[in-house]
Enquirer: 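Handing you this structure, nothing more for now.
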Amino acid sequence: MKVKYFAWVRERIGKAEETIEPPADVRTVDDLIGWLTAQGEAYAYAFEKPKVIRAAIDHAHVKADATIAGAREIAFFPPMTGG
Amino acid sequence: MKVKYFAWVRERIGKAEETIEPPADVRTVDDLIGWLTAQGEAYAYAFEKPKVIRAAIDHAHVKADATIAGAREIAFFPPMTGG
Amino acid sequence: MTVSATIRIQEADFDVAREIAALSQGRTDVGAVVSFSGICRGAEQGEPIAALTLEHYPDMAEAEIQRHADDALARWPLQGLTVIHRFGRIEPGQNIVLVVTASAHRQAAFEAAEFLMDYLKTNAPFWKREESARGTNWIEAQDHDDVAAARWTKS
Amino acid sequence: MTVSATIRIQEADFDVAREIAALSQGRTDVGAVVSFSGICRGAEQGEPIAALTLEHYPDMAEAEIQRHADDALARWPLQGLTVIHRFGRIEPGQNIVLVVTASAHRQAAFEAAEFLMDYLKTNAPFWKREESARGTNWIEAQDHDDVAAARWTKS
């Protein structure tokens, strides 16, 4: 699946997007954050406060317990500051 | 004192303004409406529903029990429909 | 910095864009500009109309709008405020009234504009007469406008 | 008549007057037009800034704004709705966002504009970074914006 990062999440991880293949036991957004956190220091830094991180699956906001099954694109970002 | 009339109050009375000299026992806006009502059919028609009539003394909205002592200009009109 | 309101009561049309620009251009302290334009509709309660004619009480209209503008400036942190109300004959599609508010933040700009419009509807001494195929009629005040205006009363 | 919203996410500036005219000119069913312009201020929390840079998530921004615009059209009797959000580098005094609503009556136009601005602030995937003498910093979300957005939730 494709993962996208925005704002300081993107800056901390050092890339805007990547394709990942998490193992089958990574079922929710929360699981995915945990799995990504273990992928290296940059990820651990980006996700150091997981409660602050917002997520979207296929362009719609989702909560941390949302299932990622069937997702084509998952995005992680800080709270939005548009408008 | 000068009296001004607006909208259908003006149309019913048939004039936009006039100078009047009510007797000393005409003390409030309500008293003045009563006194004007007795000045002829046109006035009686304009003030036939006194509760609908709004009044202003010297360019400020007042209630029916406001005193008219010292007033330079009193205006009578229907509820406003600007904006 | 003291902010004063621009108030105009005029027969001529106004230019919304120019009034918005006057409150925001060339400055960097304004974060939010709200404009409200009131426009003459082509029908009143389902009946087509040819035009509205607005009668007003000039001295009092000026005083009333000034008083409410000063009230808005005291209640919200505004950086600019413009109120324009037209009188005379106005055809469908033409402008009647304009309120523009400028503030650092959006909530003050929105609330002050709504407050002023609610007061203009109920307290400013203007009266609308409509021309239609059935002749001319004075438009009646709407109870819901009084309700809208009452929500701003300090309790 | 089905009303559809005009939504644009663009780097270029917009012309408030043209967008207001697009919703009101040449028609006689619109009685109220509200515009909200969000403008880049020259200071954030007392510190002067040189510019903002807005990053966004293009596909999602389009979908999110469309969803909220459709929601506004379902909740209020609007005759027109335009939302424009810029991205990229924006200097103090320049436009960031525009919402224009048109309706027969003022309350619908005001409420729909406020609703959309509250949602854009909290839900639209845009992030502001400020440039100042101290370097660049991501602007933090404001709790009061979440409170403002929550007032529109159907209970």
Side-chain angles (χ1 to χ4, degrees), chain A residues 1-20 28-30 32-33 36-37 41-83, chain D residues 9 36-41 44-45 52-68 83-88 90 95-99 113-130 135-146 148-149:
Chain A
M1 72 186 53
K2 190 191 273 187
V3 190
K4 290 193 171 188
Y5 310 111
F6 293 94
W8 54 254
V9 176
R10 171 181 59 70
E11 287 183 337
R12 289 181 180 191
I13 291 174
K15 53 184 117 175
E17 62 177 271
E18 62 184 318
T19 300
I20 57 168
T28 66
V29 167
D30 229 6
L32 185 56
I33 288 177
L36 284 166
T37 299
E41 267 183 37
Y43 293 93
Y45 179 39
F47 294 113
E48 67 181 353
K49 290 178 186 164
K51 285 195 177 166
V52 176
I53 302 295
R54 306 294 176 96
I57 294 181
D58 296 338
H59 311 140
H61 291 291
V62 293
K63 295 196 169 162
D65 61 1
T67 174
I68 63 171
R72 288 182 305 264
E73 182 172 304
I74 302 188
F76 293 104
F77 40 78
M80 289 137 288
T81 55
Chain D
I9 297 169
F36 176 90
S37 314
I39 299 165
C40 178
R41 276 173 291 140
E44 277 289 332
Q45 276 145 13
L52 291 177
T53 299
L54 276 100
E55 177 171 333
H56 76 306
Y57 181 1
D59 294 340
M60 183 176 172
E62 188 93 30
E64 265 294 308
I65 296 177
Q66 186 69 59
R67 193 156 43 228
H68 288 118
V83 179
I84 302 176
H85 204 307
R86 295 181 66 194
F87 59 86
I90 295 174
N95 291 316
I96 298 172
V97 63
L98 177 70
V99 170
E114 284 188 80
F115 165 85
L116 282 162
M117 280 309 307
D118 284 347
Y119 269 92
L120 288 173
K121 285 270 176 190
T122 54
N123 274 13
F126 289 81
W127 299 272
K128 291 191 185 109
R129 196 176 50 190
E130 66 187 21
T136 67
N137 284 294
W138 293 97
I139 290 180
E140 281 191 43
Q142 303 282 313
D143 285 344
H144 63 74
D145 285 331
D146 287 326

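Protein chains get the first letters and strands the later ones, always in sequence-line order, with residue 1 at the start of each.
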Enquirer: When the aromatic ring centroids of D/His56 and A/Phe6 are compared, is their separation below 6.0 Å?
Expert: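 They do not qualify: ring centres at least 6.0 Å apart.
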
Enquirer: CG of D/Leu120 to OG1 of A/Thr81: how many Å apart, nearest 0.5 Å?
Expert: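 That separation rounds to 12.0 Å.
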
Enquirer: Could you look at D/Asn123 and say if it's the side chain, the backbone, both or neither that has a heavy atom under 4.5 Å from chain A?
Expert: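 D/Asn123 touches chain A through backbone and side-chain heavy atoms alike.
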
Enquirer: As an exercise, state the distance from OG1 of D/Thr122 to NE2 of A/His61, rounded to the nearest 0.5 Å.
Expert: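 Rounded to the nearest 0.5 Å, the OG1-NE2 separation comes out at 8.0 Å.
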
Enquirer: Of the backbone (N, CA, C, O) and the side chain (C-beta and beyond), which part of A/Ala16 lies under 4.5 Å from a heavy atom of chain D, both, or neither?
Expert: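 Contact with chain D: none, neither part.
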
Enquirer: Show the nearest heavy-atom pair for residues D/Ala141 and A/Met80, with the distance to one decimal.
Expert: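 Closest heavy-atom pair between D/Ala141 and A/Met80: CB-O, 3.9 Å.
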
Enquirer: Please say whether more than 12 non-hydrogen atoms of neighbouring residues, nucleotides or ligands are located less than 6.0 Å from CZ in D/Phe87.
Expert: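 Count over threshold, so yes.
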
Enquirer: Kindly check if the number of other-residue, nucleotide or ligand heavy atoms within 6.0 Å of CD (D/Glu140) is above 12?
Expert: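 At most 12 heavy atoms, drawn from other residues, nucleotides or ligands, come within 6.0 Å of this atom.
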
Enquirer: Could you look at D/Arg67 and say if it's the side chain, the backbone, both or neither that has a heavy atom under 4.5 Å from chain A?
Expert: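 Side chain only.
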
Enquirer: Using 0.5 Å steps for rounding, measure from the CD atom of D/Glu62 to the NE2 atom of A/His59.
Expert: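 Reported value, rounded in 0.5 Å steps: 11.0 Å.
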
Enquirer: Where is the tightest heavy-atom contact between D/Tyr57 and A/Ala75, given as atom of each residue plus distance?
Expert: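 Heavy atoms only, the tightest pair is CE2-CB, 3.3 Å.
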
Enquirer: Picking from D/Ala124, D/Ala63, D/Gly38, which has the most non-hydrogen pairs under 4.5 angstrom with chain A?
Expert: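 Counting heavy-atom pairs under 4.5 Å, the top option is D/Ala124.
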
Enquirer: For the side chain of D/Trp138 and the backbone of A/Ala7, is there at least one donor-acceptor N/O pair under 3.5 Å apart?
Expert: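 No.
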
